[in-house]
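Input: a single structure, listed below in structure tokens.
Source: prediction; values computed, not measured.
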Amino acid sequence: MTTNTADTPQTQTATGARGFVPLPEKAGRALATVGGGLTAVSAFLSWTWTAKFPGDLTYYGSPAGLQWLVLVTGLLTALFGLSSYGVKGLGWLTPAGADAAVKLSALAAFATAWFTIIAIIVELGGIVNLEPGGFFLAAVSLLALLGALALPFERPVPEAPDPEDTSWEQFKHNASQQWATVKASLASGPVRPTPALPSYLEILLIAVLLGIGLGIFTFGITTPYQELFIGFLITAAFGFAALNKAGLIARFSAITGRHRNVSLIGAFVAAAAFPFTQTDDQYATLGVNILIFATVALGLNIVVGLTGLLDLGYVAFLGVGAYTAALVSGSPNSPFGVHLPFWAALLIGAGASMVFGVLIGAPTLRLRGDYLAIVTLGFGEIFRISMNNLDGVSGPDVTNGPNGISSIPNVDMFGFDFGAEHTVAGFTIGRFANYFLLMLLITLIVVMVFRRSSESRIGRAWVAIREDETAAEAMGINGFRVKLIAFALGATLAGLAGAVQAHVSYTVTPEQYVFANTVPPNSAFLLAAVVLGGMGTISGPLIGGSLLFLIPNKLQGMDEYQLLVFGIALIVLMRLRPEGIIPNRRNQLELHQDMEAPTVLGKAGV
């Protein structure tokens with residue numbers, strides 16, 4: 001197929017360009033704004049007459065469950081709509097333009113509302129179970145969406161197909177043109193420069209944002225039923241996209257970038273407040289396991305995101321740290337019969353993982369690409385099989401075979417028993433809350449190591465190897481040594497998390513460390529967490545790991561379809577946002593060549 005290069009402009013702003021719905025722009029803007037406000041009002045109405053639907057949506061004037069999500073998305077649509085009118089005081093909401101934000105927030109409200117309505121009809125057995133408030137919700141959320149879709153956008157200039165193309169090539173060409181139109185309808189304009197605020201106001205704004213983030217995390221992790229969690233995912237996905245298109249994410253990122261240390265410390269203070277929002281250990285259990293999974297994903301980000309090495313057996317390093325710590329922590333199943341302090345077990349577990357990282361990396365890191373991926377996949381399987389065979393029958397009795405090492409004692413440091421309940425400032429925190437705070441400290445260490453190493457000379461060498469290993473070596477970088485350091489450091493960080501995991505779970509078994517299954521952590525989900533979250537960033541793998549651990553645990557009723565849903569979501573996200581949820585600036589520029597490059601490319605990878 002030949003390319004027509006005669007028309008270089010790819011988009012044009014057509015005079016009087018319209019959206020997908022044939023309505024005048026003013027009418028569409030008014031409809032979206034009013035519809036968003038009415039959608040928020042509908043959250044105070046009764047949607048069904050019976051409390052059999054989870055969340056009890058039968059009350060007037062008292063939103064509950066899914067109604068809170070509709071209230072938030074409706075208000076967001078109305079605010080973005082008012083901002084598009086130039087209402088004084090609301091212009092800061094849309095530094096990159098309001099139209100795309102209105103469309104996505106209206107879509108969030110519509111999707112959440114109609115998901116709830118369909119769920120009520122399906123679960124309760126018919127449309128008769130809807131109250132007038134439910135019908136009102138369906139109507140106003142649809143009107144808001146129709147109004148938003150009537151807003152104009154930059155329409156791409158259609159490129160004529162080559163007359164010599166086959167019918168299949170013409171079909172692909174037409175599909176790409178339609179996809180370009182959809183992307184243009186959601187495209188935002190350039191972000192206006194962030195106005196300078198006094199430092200104390202910016203720090204106060206950071207504190208408010210962290211408080212909102214803590215509330216969102218707490219709401220998501222404590223959703224008591226499946227329907228509410230699905231609604232939360234819909235709202236969070238489209239809501240984040242709307243904030244991003246409005247330019248708020250870029251604006252807030254610029255503010256936090258000016259106060260990086262304050263933002264980092266504040267983020268961990270907000271995370272440390274999570275156990276104090278819980279009355280028992282029901283959700284603290286999820287919290288500590290999310291931290292373990294996300295921390296290991298951040299360690300893998302050194303290998304995959306910074307250095308560009310495809311490691312498919314990384315979960316084995318988590319297992320090495322866990323098994324090593326379990327063997328020296330006083331378990332009755334350990335053949336060594338030693339009970340070292342936790343800090344010693346932690347260091348030994350991290351050291352053992354580092355040694356294995358060097359032993360595996362030294363003979364294999366001269367390979368590249370698919371060959372390296374196959375070797376690391378083999379190492380992961382060798383580790384699991386070896387732990388199975390060290391049972392006293394197939395090999396020496398070290399790991400108790402498939403039964404694993406059980407009855408691992410709780411951590412006791414400086415007289416503080418992590419297995420017992422403690423009262424702090426009037427709050428009672430249980431076993432898993434204690435381990436959550438301990439794992440949060442480990443996560444902070446891992447984040448600091450990642451941040452310092454990525455900004456050092458060795459970090460720049462990793463990025464150079466990732467971009468072009470041949471060119472990096474030609475400039476004097478010892479590629480093998482640099483890759484081995486990355487492999488060893490990534491393994492060490494996984495070993496730290498593994499030592500904590502052994503004490504949290506009481507038992508370490510080989511089945512916990514496989515390449516892929518429906519329950520993380522495993523190598524496939526770890527790699528997906530790095531890619532989906534954003535390779536080469538700090539917050540990306542933490543957010544990606546949190547989502548990929550939380551979703552399977554919250555959607556356990558979909559056991560048969562979990563991997564199918566996960567695969568579809570993976571395809572959609574990689575199509576819409578291949579750079580990940582929290583993108584590395586350099587990767588974002590490579591994947592979206594129509595974006596404006598930053599003035600200083602040296603900061604692109606931060």
*Does NZ or CZ of Arg366 come closer than 6.0 Å to the centre of the six-membered ring of Phe480, within 45° of the ring's axis?*
yes
_I want to check a possible cation-pi pair here: Arg384 against Tyr323, using under 6.0 Å from ring centre and within 45° of the ring axis as the test._
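Because its charged atom misses either the 6.0 Å distance or the 45° angle limit, Arg384 does not stack over Tyr323.
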*Apply ring pair (Phe, Tyr, Trp, His ring centres under 6.0 Å) to the pair Phe418 and Phe416, showing each step before the final yes or no.*
CA-CA 6 Å; Phe418 282 78; Phe416 186 89; 5.0 Å; yes
*With a cut-off of 6.0 Å (strictly less than), are more than 12 heavy atoms of other residues, nucleotides or ligands near OH of Tyr371?*
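Open.
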*asked:* Looking at Phe356, I'd like to know if its CZ atom is crowded, meaning that more than 12 non-hydrogen atoms belonging to other residues, nucleotides or ligands lie closer than 6.0 Å.
replied: no
Does any part of the side chain of [Y], heavy atoms only, come nearer than 4.5 Å to the side chain of [X], both counted from C-beta?
X      : Y      : result
Trp462 : Ser453 : yes
Thr399 : Asp391 : no
Asp311 : Leu300 : yes
Leu555 : Gln226 : yes
Leu484 : Arg481 : no

Is it the case that [X] and [Y] place a side-chain donor and acceptor less than 3.5 Å from each other?
X      : Y      : answer
His503 : Ser329 : yes
Ser331 : Ser407 : no
Thr235 : Thr112 : yes

_Apply salt bridge (Lys or Arg N to Asp or Glu O under 4.0 Å) to residues Glu455 and Arg260 and explain how you reach the verdict._
CA-CA 13 Å; Glu455 295 176 351; Arg260 296 181 64 187; 2.8 Å; yes
To check you understand the geometry: which heavy-atom pair defines the closest contact between [X] and [Y], and what is its length?
X      : Y      : answer
Tyr314 : Ala494 : OH-CB, 3.4 Å
Ala108 : Ile234 : O-CG2, 4.5 Å
Thr307 : Ile465 : O-CG2, 4.0 Å
Ala271 : Leu440 : CB-CD1, 3.7 Å
Ser263 : Ile206 : OG-CD1, 3.5 Å
Ile538 : Leu298 : O-CD1, 3.7 Å

Output the distance between atom [atom1] ([X]) and atom [atom2] ([Y]), rounded to the nearest 0.5 Å.
X      : Y      : atom1 : atom2 : answer
Leu340 : Trp343 : CG    : CH2   : 8.5 Å
Phe293 : Leu550 : CZ    : CG    : 11.5 Å
Thr376 : Leu312 : OG1   : CG    : 4.5 Å

*Please check if the distance between the ring centroids of Phe436 and Phe274 is under 6.0 Å.*
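Under 6.0 Å, so yes.
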_Taking the six-membered ring for Trp, are Phe217 and Tyr283 closer than 6.0 Å centroid to centroid?_
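Centroid separation for Phe217 and Tyr283: 6.0 Å or greater.
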*Would you call the rings of Phe317 and Phe487 parallel, tilted or perpendicular, where under 30° means parallel and over 60° means perpendicular?*
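Plane angle over 60°, so perpendicular.
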*Tyr435 and side chain to side chain contact (heavy atoms under 4.5 Å, CB included): which partner among Asn289, Val288, Ile292?*
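Option passing the side chain to side chain contact (heavy atoms under 4.5 Å, CB included) with Tyr435: Val288.
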